[in-house]
Amino acid sequence: MPECPIDRALPERFEVKDWEDLFIRKNGEFFPVICNARPIRDGESGKGTVIEVLDLTEQKAMAKLLRDSDLRFTQLADAIPQLVFITRPDGYAEWFNERWSEYTGFSHQQLAGWGWAQTHDPKVFPVALQRWKECLATGGIV
């Protein structure tokens, strides 16, 4: 395990920014932290160090829950036969399930943004886009 740079911040006169490390609780349990340190100087000599330590246990747990939830959603959306996609309110597409690529023959990269528009008949697309905008404005359903 590498040495924590906080121990060297004062004697070597440098700042530590966003150093991730593991600390040990009294019960022996390890927990993730992020540390910052800044030496307090008096001319050339160091007088002390300001140290900030933030326990990341809750943030790491929430990040894991979010990743797990995202994975479950993706697995579900890819398992159903329907075409599923996520867009911003303006129609800019951010995500597609695998069915979109299988159905259209376009890759996710080709579909992203406004690429999905190329999967529609150019004569029909303006009407579909207008209905989309109306539904967004009114909360209606197509």
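Numbers for residues simply follow the sequence, beginning at 1.
The environment of CD in Glu94 is crowded: more than 12 heavy-atom neighbours from other residues, nucleotides or ligands sit within 6.0 Å.
At a threshold of 4.5 Å between non-hydrogen side-chain atoms, the residues Leu22 and Val33 do not count as touching.
By the side chain to side chain donor-acceptor pair (under 3.5 Å) test, Asp55 pairs with Arg25, Thr57, sequence neighbours left out. With sequence neighbours left out, Lys133 forms a salt bridge (charged side-chain N to carboxylate O under 4.0 Å, His left out) with no residue at all. Partners of Thr87 according to the side-chain contact (heavy atoms from CB on, under 4.5 Å) rule, which considers only residues two or more places apart in sequence or in another chain, are Phe85, Ala93, Trp132.
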Give every donor-acceptor pair under 3.5 Å between a side-chain atom in residues 61-76 and any protein atom, sequence neighbours left out.
| unit_1 | atom_1 | unit_2 | atom_2 | d |
| --- | --- | --- | --- | --- |
| Lys64 | NZ | Asp68 | OD2 | 2.8 |
| Thr74 | OG1 | Asp70 | O | 3.0 |

Distance-only criterion, 3.5 Å: show the donor-acceptor pairs between side-chain atoms of residues 103-110 and protein atoms not counting sequence neighbours.
| unit_1 | atom_1 | unit_2 | atom_2 | d |
| --- | --- | --- | --- | --- |
| Thr104 | OG1 | Trp100 | O | 2.7 |
| Thr104 | OG1 | Phe106 | N | 3.1 |
| Ser107 | OG | Gln109 | N | 3.4 |
| Ser107 | OG | Gln109 | OE1 | 3.4 |
| Ser107 | OG | Gln110 | N | 3.1 |
| Ser107 | OG | Gln110 | OE1 | 3.4 |
| His108 | ND1 | Phe96 | O | 3.4 |
| His108 | NE2 | Glu98 | OE2 | 3.1 |
| Gln110 | OE1 | Ser107 | N | 2.7 |

| said: Assess the residue pair Trp116 and Tyr92 against the criterion (ring-ring contact (aromatic ring centres under 6.0 Å, His included)); give the C-alpha distance rounded to whole Å, side-chain angles, the decisive distance to 0.1 Å, and a yes or no. | reply: CA-CA 9 Å; Trp116 62 272; Tyr92 184 94; over 10 Å; no
| message | Thr49 vs Ile40, test: side-chain contact (heavy atoms from CB on, under 4.5 Å). Steps then yes/no. | response | CA-CA 5 Å; Thr49 306; Ile40 301 169; over 6 Å; no
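With salt bridges taken as basic N to acidic carboxylate O contacts below 4.0 Å, none links Arg131 and Glu134. For the pair Lys60 and Glu20, the salt-bridge criterion is met [side-chain N within less than 4.0 Å of a carboxylate O].
Thr138 places a side-chain N or O within 3.5 Å of a backbone atom of Gly140 that can act as its donor or acceptor partner. Under the 3.5 Å distance criterion, the side-chain polar atoms of Asn97 are matched with a main-chain donor or acceptor of Ala77.
Put simply, Trp114 and Val84 are part of two different groups of oily side chains (I, L, V, M, F, W, Y) that touch within less than 4.5 Å, one to the next. Tracing side-chain contacts under 4.5 Å through hydrophobic residues (I, L, V, M, F, W, Y), one never reaches Leu83 starting from Ile86; they form parts of separate clusters.
Of the inter-residue distances, the one linking Arg99 atom CZ with Asp78 atom CG reads 7.0 Å to the nearest 0.5 angstrom. Atom SG of Cys35 is separated from atom CD1 of Ile51 by 8.0 Å, given to the nearest 0.5 angstrom.
Counting Ile, Leu, Val, Met, Phe, Trp and Tyr side chains that sit under 4.5 Å apart, directly or through other members, Leu54 shares a hydrophobic cluster with Ile34, Leu56.
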